[in-house]
Amino acid sequence: MLKGRLLHSASYIENGVAWTAHHISQRQLTLALAFAVGLLAALAAYILHSLIHFIQHQLAEHFANSNFNWYFLVFPVLGILLTMLFVRYVVRDNISHGITRILYAISTKQGHLKAHNTWTSVVASAITIGFGGSVGAEAPIVLTGSAIGSNLARRFNLDSKTIFLLIGCGASAAIAGIFKAPIAGLVFTIEVLMIDLTMASLLPILIASVTATCFTYVLVGDSSLFSFTLSEAWCVERIPANIALGVSCGLVSLYFIRSMTFCEGIYGKLSSHPYIKWIVGGLVLSTLIFLFPSLYGEGYNAINILLNGRGEGDWDTLLSHSLFSGHSELLILYVAMIVATKAVATASTNGGGGCGGTFAPSLFIGAFAGFLFARLWNMYVTEIHIPEENAALLGMAGVMSGVMHAPLTGVFLIAELTGGYRLFIPLIIVSTVSYLTIYVFEPHSIYGMRLAREGKLITHHTDHAVLTLMSLDTVIERDCSAIPPTMMLSELVHKISRSRVDVLPVVNDSYHLLGEIDMTKLRHILFRTELYHRFTVKQLMTEPPTLLGVNDPMEDVMKAFDTTNAQQLPVVGTGNELIGYVSRSHVYSLYRKMVADLSTD
């Protein structure tokens with residue numbers, strides 16, 4: 001009975017897809033799907049935050065009202081364990097590094113994200129964050145929104161370019177829905193996901209962003225994640241301080257990225273021992289949270305304290321439930337320790353088996369770094385006063401811009417999120433300087449650096465983007481008429497007469513490439529019949545100009561053709577076994593077609 005209903009539903013879907021293909025243009029369909037993606041992404045964000053708050057509320061009833069909260073040692077470890085079991089036995093797939101997975105899908109899988117990505121990240125990150133994991137919910141929601149866009153596009157049999165566009169719609173809708181910041185969602189898609197902004201892509205992304213924002217207002221009202229009231233207007237005299245803050249944010253961003261990478265490398269070595277990873281990650285995380293309770297969860301409450309504090313009494317609430325409680329003279333040390341340990345806490349959460357992103361941690365560490373900078377500046381530079389709450393806001397934009405290599409996203413997100421448009425100039429200064437500072441040391445964002453090392457990162461450079469999107473596997477000609485080294489010249493001539501290619505590979509019994517016969521180099525003997533039984537293929541074969549590996553990036557393939565000036569090059573596996581040949585004309589023809597497709601508005 002159930003099977004019959006499922007088949008009946010599937011037939012309805014297929015009929016709907018077929019009707020759509022005949023009655024609606026692709027442009028109209030794309031706009032409709034962008035609206036649907038925006039709606040579903042906002043709903044996913046609402047569900048995730050509702051789950052997080054529900055779990056936190058249930059656990060909060062058991063929190064003790066004392067300076068030393070021993071539950072901080074228990075809940076984060078339990079949350080990581082539950083998440084690890086869910087991923088290991090229910091999902092059975094890697095769902096960490098959400099935004100990196102999107103970039104990987106765009107560059108190597110034609111934008112194909114698995115169907116389970118539309119919900120598994122929501123469940124896993126809700127458990128992790130709800131129990132106190134020191135990560136953010138933004139990257140899981142961005143993955144969810146992008147997966148919704150990818151799967152809808154594939155359901156309607158749309159081309160790769162439209163799949164990329166709807167992935168961008170999902171990402172922008174996720175950011176816009178979480179923060180009620182449609183412009184930031186649009187800019188995030190351009191800067192971080194490298195989706196090129198053309199007239200054809202602008203409208204769908206805007207529709208998705210605005211839809212997600214409006215629907216979020218319907219679901220949660222006018223409340224915002226952060227509140228901010230400008231206490232002192234910005235003045236030109238603060239430009240040197242803003243530049244110095246930008247440099248500081250860039251260096252903090254570099255520290256955050258390098259620390260995350262180092263810690264992830266340590267946990268990566270324990271990948272074959274998941275329960276040891278859980279024990280190590282859980283112990284490190286719970287210990288840090290016990291010492292510095294501000295690291296618990298996303299940390300948005302601590303950020304709001306920094307943004308709205310008006311005196312030492314407000315700042316001292318950061319020290320509650322910690323070993324520093326009651327010692328306001330140690331506030332600077334506490335804040336500095338938070339900046340130093342947040343990356344370790346985030347890496348330990350994910351490394352131990354949890355699920356979450358680095359978006360919220362970058363905002364968190366930025367607020368603390370900005371506050372710390374302002375406090376130290378006011379202590380030693382008395383001529384120009386910097387309001388700590390303003391500096392915390394600017395620090396959020398600065399560190400996020402540096403970590404994500406997205407200065408415009410930092411500017412517009414913080415401006416839209418807090419209504420801090422009267423700080424627009426210092427936001428631009430801090431974000432730009434932070435980006436320029438970290439770029440000197442790290443040319444790629446925390447999301448793109450892993451793919452960049454493998455040559456699989458899409459960029460706004462059209463030539464590089466096309467080469468990244470091209471796959472060597474799709475241009476290999478596997479039917480290449482291989483011949484043995486013992487073949488006589490007479491048989492070779494017969495073989496050549498029936499072949500359509502100029503190069504024949506020579507292989508042994510194990511199909512290992514020994515050399516090749518290039519008939520353009522044998523014209524002087526091909527028609528001398530008296531030599532047909534005097535020469536074998538082994539005597540006539542030559543070394544290939546170069547060998548291509550089956551996993552070589554297309555940029556290296558193009559360089560190989562330019563360097564050797566060859567028309568065909570062999571592709572071999574790790575054991576030198578012949579996979580096939582790649583034709584120069586075929587590669588350049590596909591390259592020109594993809595450039596034309598990407599350049600079409």
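This is a predicted model, so every value here is computed, not measured.
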Tell me if a side-chain donor or acceptor on Thr216 pairs with a main-chain N or O of Gly177 at a distance below 3.5 Å. yes

In Å, rounded to the nearest 0.5 Å, how long is the span from OG1 of Thr189 to CD1 of Ile102? 9.0 Å

Could you pull out the closest heavy-atom pair between Tyr300 and Ala360, with the gap in Å? OH-CB, 3.4 Å

Measure the CG-CE distance between Leu288 and Met337 for me, rounded to the nearest 0.5 Å. 8.5 Å

Under a 4.5 Å cut-off applied to non-hydrogen side-chain atoms, are Val335 and Ile338 in contact? no

Student check: side-chain heavy atoms of Leu306 and Leu318 closer than 4.5 Å: yes

Does Asn304 use its side chain to pair, donor to acceptor, with the backbone of Leu225 at less than 3.5 Å? yes

Please report the shortest heavy-atom distance between Ser146 and Ile167, naming the atom on each side. OG-O, 3.3 Å

side-chain contact (heavy atoms from CB on, under 4.5 Å) partners of Tyr439, counting only residues at least two apart: His405, Tyr435, Pro443

Nearest heavy-atom contact between Leu427 and Ile414 is CD2-CG2, 4.0 Å

CG (Leu43) and OG (Ser50) are apart, to the nearest 0.5 Å, by 9.0 Å

Starting from the C-alpha separation in whole Å, work towards a yes-or-no answer on side-chain contact (heavy atoms from CB on, under 4.5 Å) for Leu254 and Glu442. CA-CA 7 Å; Leu254 178 64; Glu442 180 55 63; 4.3 Å; yes

With side chains defined as the heavy atoms from C-beta onward, is the minimum distance between Val339 and Val252 less than 4.5 Å? yes

Residues at least two apart in sequence or cross-chain that pass salt bridge (Lys or Arg N to Asp or Glu O under 4.0 Å) with Glu298, listed by chain then number, are none

Closest non-hydrogen atoms of Phe228 and Leu307, given as atom of the first, atom of the second and distance, are CD1-O, 3.6 Å

Could you list the residues that satisfy side chain to side chain donor-acceptor pair (under 3.5 Å) with Asn308, not counting sequence neighbours? Ser227

Residue list, side-chain contact (heavy atoms from CB on, under 4.5 Å) with Glu237, at least two apart or on another chain: Cys235, Ile384

In a table with atom names and distances, give each donor-acceptor pair under 3.5 Å that connects a side chain of residues 74-83 to protein atoms at least two apart or in another chain.
from: Thr83; atom 1: OG1; to: Gly79; atom 2: O; distance (Å): 2.8
from: Thr83; atom 1: OG1; to: Thr128; atom 2: OG1; distance (Å): 2.8

Taking only residues two or more places apart in sequence, or in another chain, which ones meet Ser209 in a side chain to side chain donor-acceptor pair (under 3.5 Å)? Ser172

Between Phe188 and Leu413, is the side-chain contact (heavy atoms from CB on, under 4.5 Å) condition met? List the steps. CA-CA 9 Å; Phe188 172 85; Leu413 178 64; over 6 Å; no

Flag, side chain of Ser434 to backbone of Gly398, donor-acceptor distance under 3.5 Å: yes

I need the minimum non-hydrogen distance between Val433 and Thr437, along with the two atoms involved. O-OG1, 2.7 Å

With no hydrogens and no angle check, is any side-chain donor or acceptor of Asn117 less than 3.5 Å from a backbone partner on Ile95? no

Interatomic distance, Leu113 atom CG to Thr118 atom OG1 [nearest 0.5 angstrom]: 10.0 Å

Partner residues of Lys277 under the side-chain contact (heavy atoms from CB on, under 4.5 Å) criterion, sequence neighbours left out: Leu270

For the pair Ser294 and Phe368, evaluate side-chain contact (heavy atoms from CB on, under 4.5 Å) and give the outcome as yes or no after the intermediate values. CA-CA 10 Å; Ser294 298; Phe368 275 79; 4.2 Å; yes

Sidechain-backbone polar pair: Arg238 side chain, His385 backbone, donor-acceptor under 3.5 Å: yes

Is the shortest heavy-atom distance from the side chain of Leu51 to the side chain of Ile127 under 4.5 Å? no

Which atom pair, heavy atoms only, marks the closest approach of Gly130 to Leu59? O-CD1, 3.6 Å

Assess the pair Phe290 and Tyr296: is the distance between their ring centroids shorter than 6.0 Å? no

Mind checking whether Ser445 and Val403 have side chains closer than 4.5 Å, heavy atoms only? no

Does Gly282 offer a backbone N or O that forms a donor-acceptor pair with the side chain of Ser286 under 3.5 Å? yes

The reported gap from CD1 in Ile257 to CE in Met404 (rounded to nearest 0.5 angstrom) is 10.5 Å

Are the side chain of Ser362 and the backbone N or O of Met400 linked by a donor-acceptor pair below 3.5 Å? no

Can you tell me if His53 uses its side chain to pair, donor with acceptor, with the backbone of His49 under 3.5 Å? yes

Is the closest side-chain heavy-atom distance between Met396 and Ile365 below 4.5 Å? no

Tell me, which pairs form a side chain to side chain donor-acceptor pair (under 3.5 Å) where one or both residues lie in residues 251-260, sequence neighbours left out? none

Show me the side-chain donor-acceptor pairs of residues 344-359 shorter than 3.5 Å, one per line, residues at least two apart or across chains.
from: Thr346; atom 1: OG1; to: Ser134; atom 2: O; distance (Å): 2.9
from: Thr346; atom 1: OG1; to: Lys342; atom 2: O; distance (Å): 3.1
from: Ser348; atom 1: OG; to: Tyr267; atom 2: OH; distance (Å): 2.9
from: Ser348; atom 1: OG; to: Val344; atom 2: O; distance (Å): 2.8
from: Thr349; atom 1: OG1; to: Ser134; atom 2: N; distance (Å): 3.2
from: Thr349; atom 1: OG1; to: Ala345; atom 2: O; distance (Å): 2.8
from: Asn350; atom 1: OD1; to: Gly356; atom 2: N; distance (Å): 3.1
from: Asn350; atom 1: ND2; to: Gly356; atom 2: O; distance (Å): 3.2

Residues at least two apart in sequence or cross-chain that pass side-chain contact (heavy atoms from CB on, under 4.5 Å) with Thr213, listed by chain then number, are Ala176, Lys180, Pro182, Tyr217

Contact between Phe412 and Leu186 at the side-chain level, heavy atoms closer than 4.5 Å - yes or no? no

With the side chain counted from C-beta on, respond yes when Leu40 and Phe215 share a heavy-atom pair under 4.5 Å apart, and no when they do not. no

Ring-plane angle category for Trp278 and Tyr275, please: parallel below 30°, perpendicular beyond 60°, tilted otherwise. perpendicular

Residue pairs fulfilling ring-ring contact (aromatic ring centres under 6.0 Å, His included) with at least one residue in residues 123-147, sequence neighbours excluded: none

Measuring from Leu394:CG to Ser401:OG, what's the distance to the nearest 0.5 Å? 10.5 Å

Using the side-chain contact (heavy atoms from CB on, under 4.5 Å) rule, take Asn390 and Trp234 through it: C-alpha gap first, then chi angles, then the decisive distance, then the call. CA-CA 9 Å; Asn390 290 9; Trp234 178 78; over 6 Å; no

Who pairs with Arg375 by side chain to side chain donor-acceptor pair (under 3.5 Å), at least two apart in sequence or on another chain? Glu312, Glu388

